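Report on the following structure.
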Amino acid sequence: ACTSERASPASAPAEAGCPTPILLPQQQPMLTRLCMAEIPAVGSSPLPPPPQPPPPLAAPTPSAAPSVAGASSLKEVDNRVPDFTGRWLLSRIEGDFHALMVDVGAGWWQRWLAKRMNYGIGKVGQDIEQSGDDFTIVHQGGRCPATTAFRVGAPPQRTGGPDGAPMLVMARWEDSALRVRMRRPDGKKLPTGVRRLIDGNMVVEGKTSSGKVVRRIFTRRPTGQEEAARQRSPAAAERPSLAAPASPPLPLALLAPAAHTSLGGASSVPDFSGRWVLRRIEGKFEDLMADFGADLATRRVARRMKFGIGKIMQEITCAGNELSIVNIGGREVTTTKLSIGAAEHLASGPDGSPILVQPRWEGSCLWTAMRKAEDGSALPLVMRRLVGAEMVLESITSSGEVVRR
């Protein structure tokens with residue numbers, strides 16, 4: 001038998017069935033307990049298997065944080081998706097934006113006007129509200145405020161475009177970027193837009209039909225509450241202003257809301273019929289005369305006559321989309337006839353010279369693009385609208401100045 005006291009091999013004779021092992025100190029207690037157990041006789045049933053240790057107890061799940069299927073994946077998605085909420089101002093453009101406007105379908109007079117206004121840098125903005133996958137984007141600074149609303153991951157949705165015209169959009173997330181595919185209701189595809197946040201700026205990227213990348217970079221503008229809080233701060237005078245730099249106001253025709261009753265529905269257009277007399281002029285009208293081709297002598301005579309204020313008149317007759325304008329008070333009485341929405345056609349200018357015109361409704365504003373019939377050179381665009389009881393004619397000179405009559 002083996003005992004708990006260590007014995008030398010010579011003084012502890014071995015007994016049958018229980019050989020004396022050489023024990024290490026750390027092994028002796030375990031081997032002692034094993035040898036003290038009952039040893040079956042030779043030929044009897046084999047030793048029973050040693051008992052298995054009990055399984056370890058599972059760590060209790062805290063009741064305060066129950067496990068919800070899919071919670072971790074939702075959290076990862078929320079961390080990956082950026083938040084575009086805020087007021088954004090266009091600060092610069094990289095690439096050929098003129099070519100992108102061609103792909104969108106903008107007419108040459110719209111592209112000419114956009115170029116004169118430096119494509120809206122420092123004027124055009126986007127006010128974005130984002131709630132998860134739901135977006136509402138209000139485009140500011142164009143002809144009129146336009147709203148685009150859509151849900152990411154949904155089937156194609158009908159909404160308004162930046163120009164107010166209806167379109168179908170389908171948006172999806174690509175990692176931290178928002179890709180928006182667009183097309184007109186007639187099926188015409190528009191350039192795909194990719195929107196992402198880079199270094200605190202919002203970058204909207206598109207590709208022209210020739211594959212060139214065009215980027216518009218928007219900087220964040222402070223909200224009214226943030227700006228008020230900044231002004232109340234004692235250190236406001238020591239910090240640089242975050243507000244957008246001052247810029248000349250846009251024409252009324254570019255800021256007034258369109259009179260569309262619904263997306264894609266009928267729109268309410270004004271009736272210009274009546275007899276109108278020139279009451280006042282705002283802006284450098286002499287520069288506008290030069291852009292129309294008036295020589296120096298003609299401009300001097302007009303300046304002496306105060307540019308016809310109180311004398312120049314227009315008698316207008318509207319019949320649907322047919323407009324007849326009789327110009328009175330110049331060297332001679334002339335008549336300009338416009339077919340709104342028709343292709344470019346020949347007409348007589350206010351001075352009687354032949355011009356090519358292409359008028360169209362833009363909301364409640366009548367846009368008339370013109371160019372000289374003899375050489376095709378562009379003339380200033382005329383935007384006509386009713387403001388209260390007044391008819392306002394607006395144009396932009398080649399230097400970017402707004403002139404109102």
Side-chain angles (χ1 to χ4, degrees), residues 108-109 112-113 116 251-253 269-361 365-387 389-399 401-405:
W108 66 265
W109 65 91
W112 175 86
L113 180 61
R116 294 293 184 188
L252 290 176
V269 295
D271 185 1
F272 297 108
S273 297
R275 189 181 180 96
W276 305 88
V277 61
L278 181 60
R279 194 181 74 170
R280 71 180 187 274
I281 294 177
E282 299 175 359
K284 299 178 179 179
F285 187 70
E286 189 170 347
D287 292 351
L288 187 64
M289 291 183 65
D291 291 340
F292 271 106
D295 55 24
L296 180 60
T298 303
R299 300 199 302 270
R300 285 179 177 176
V301 172
R303 186 169 63 247
R304 292 195 189 102
M305 298 179 62
K306 296 184 179 179
F307 301 109
I309 293 177
K311 303 179 179 66
I312 297 293
M313 292 189 298
Q314 289 187 351
E315 292 184 356
I316 302 178
T317 303
C318 290
N321 283 329
E322 299 297 325
L323 201 69
S324 177
I325 305 173
V326 179
N327 305 285
I328 304 172
R331 292 194 299 266
E332 56 182 323
V333 178
T334 61
T335 301
T336 304
K337 293 186 177 181
L338 306 177
S339 297
I340 304 173
E344 188 178 54
H345 54 279
L346 189 65
S348 295
D351 59 353
S353 60
I355 57 174
L356 294 172
V357 297
Q358 189 174 8
R360 59 177 287 184
W361 290 112
C365 178
L366 177 61
W367 284 42
T368 305
M370 299 177 289
R371 58 192 181 99
K372 294 181 179 180
E374 56 237 22
D375 58 5
S377 57
L379 297 173
L381 181 74
V382 175
M383 296 163 282
R384 186 185 305 260
R385 57 169 290 127
L386 293 180
V387 180
E390 296 179 334
M391 180 177 69
V392 180
L393 276 66
E394 300 164 300
S395 297
I396 298 179
T397 67
S398 56
S399 60
E401 296 286 338
V402 179
V403 179
R404 297 185 181 95
R405 289 174 286 166

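None of these values were measured; they are calculated from a predicted model. We number each residue from 1, following the sequence as shown.
Remark: side-chain polar atoms of Ser395 are paired, donor with acceptor, to backbone N or O of Leu381 under 3.5 angstrom. No donor-acceptor distance shorter than 3.5 angstrom exists from the side chain of Thr335 to the backbone of Val326, with no hydrogens or angles considered. Remark: side-chain polar atoms of Ser273 are paired, donor with acceptor, to backbone N or O of Cys318 under 3.5 angstrom. A donor-acceptor pair under 3.5 Å is formed between the side chain of Arg299 and the backbone N or O of Ala294. Put simply, the side chain of Asp291 never gets that close to the backbone of Thr397: no donor and acceptor are under 3.5 Å apart. No donor-acceptor pair under 3.5 Å is formed between the side chain of Ser339 and the backbone N or O of Glu322.
Of all the heavy atoms in Leu346 and Ala373, the pair that sits closest is CD1-CB, 3.9 Å. The two residues Phe292 and Val382 have their closest heavy-atom pair at CZ-CG2, 4.3 Å. Taking both residues in full, the closest heavy atoms of Ile396 and Trp112 are given as O-CH2, 3.7 Å, listed atom of the first, atom of the second, then distance. Annotation for Met391 and Ile316: closest pair SD-CD1, 3.7 Å, computed over non-hydrogen atoms. Of all the heavy atoms in Arg371 and Gly376, the pair that sits closest is NH1-CA, 3.4 Å. Across all their heavy atoms, Gly349 and Ile355 have their closest contact at CA-CD1, 3.8 Å.
In this model, a donor atom of one side chain and an acceptor atom of the other lie less than 3.5 Å apart for Gln314 and Arg384.
With rounding to the nearest 0.5 Å, the separation of CD in Glu401 from CD in Glu282 is 13.0 Å. In this structure, Ser399 OG and Leu288 CG are separated by 10.0 Å, a value rounded to the nearest 0.5 Å. Atoms CZ and CD1, from Arg360 and Ile340 in turn, are 12.0 Å apart once rounded to the nearest 0.5 Å. Here the CD1 atom belonging to Ile281 is positioned 10.5 Å from the CG atom belonging to Leu393, to the nearest 0.5 angstrom. Taking CD1 from Ile309 and CZ from Arg405, the interatomic distance works out to 11.0 Å, rounded to the nearest 0.5 Å.
With contacts defined as side-chain heavy-atom distances shorter than 4.5 Å, the pair Arg280/Glu390 qualifies. Looking at heavy atoms from C-beta onward, Leu323 lies in side-chain contact with Leu366 at the 4.5 angstrom threshold. Phe307 has its side chain within reach of Glu286: a pair of non-hydrogen atoms, C-beta onward, lies under 4.5 Å apart. Residues Glu394 and Arg385 have side chains in contact (heavy-atom distance under 4.5 Å, counting atoms from C-beta outward).
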Mind running side-chain contact (heavy atoms from CB on, under 4.5 Å) on Val301 and Thr298 for me, showing each step along the way?
-> CA-CA 5 Å; Val301 172; Thr298 303; 5.9 Å; no
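Ring geometry for Trp361 versus Phe272: interplanar angle under 30°, hence parallel rather than tilted (30 to 60°).
For the side chain to side chain contact (heavy atoms under 4.5 Å, CB included) test with Val357, the passing option among Glu344, Met370, Lys337 is Met370; the others fail. When each of Leu338, Thr368, Thr334 is checked for a side chain to side chain contact (heavy atoms under 4.5 Å, CB included) with Ile325, only Leu338 meets the rule.
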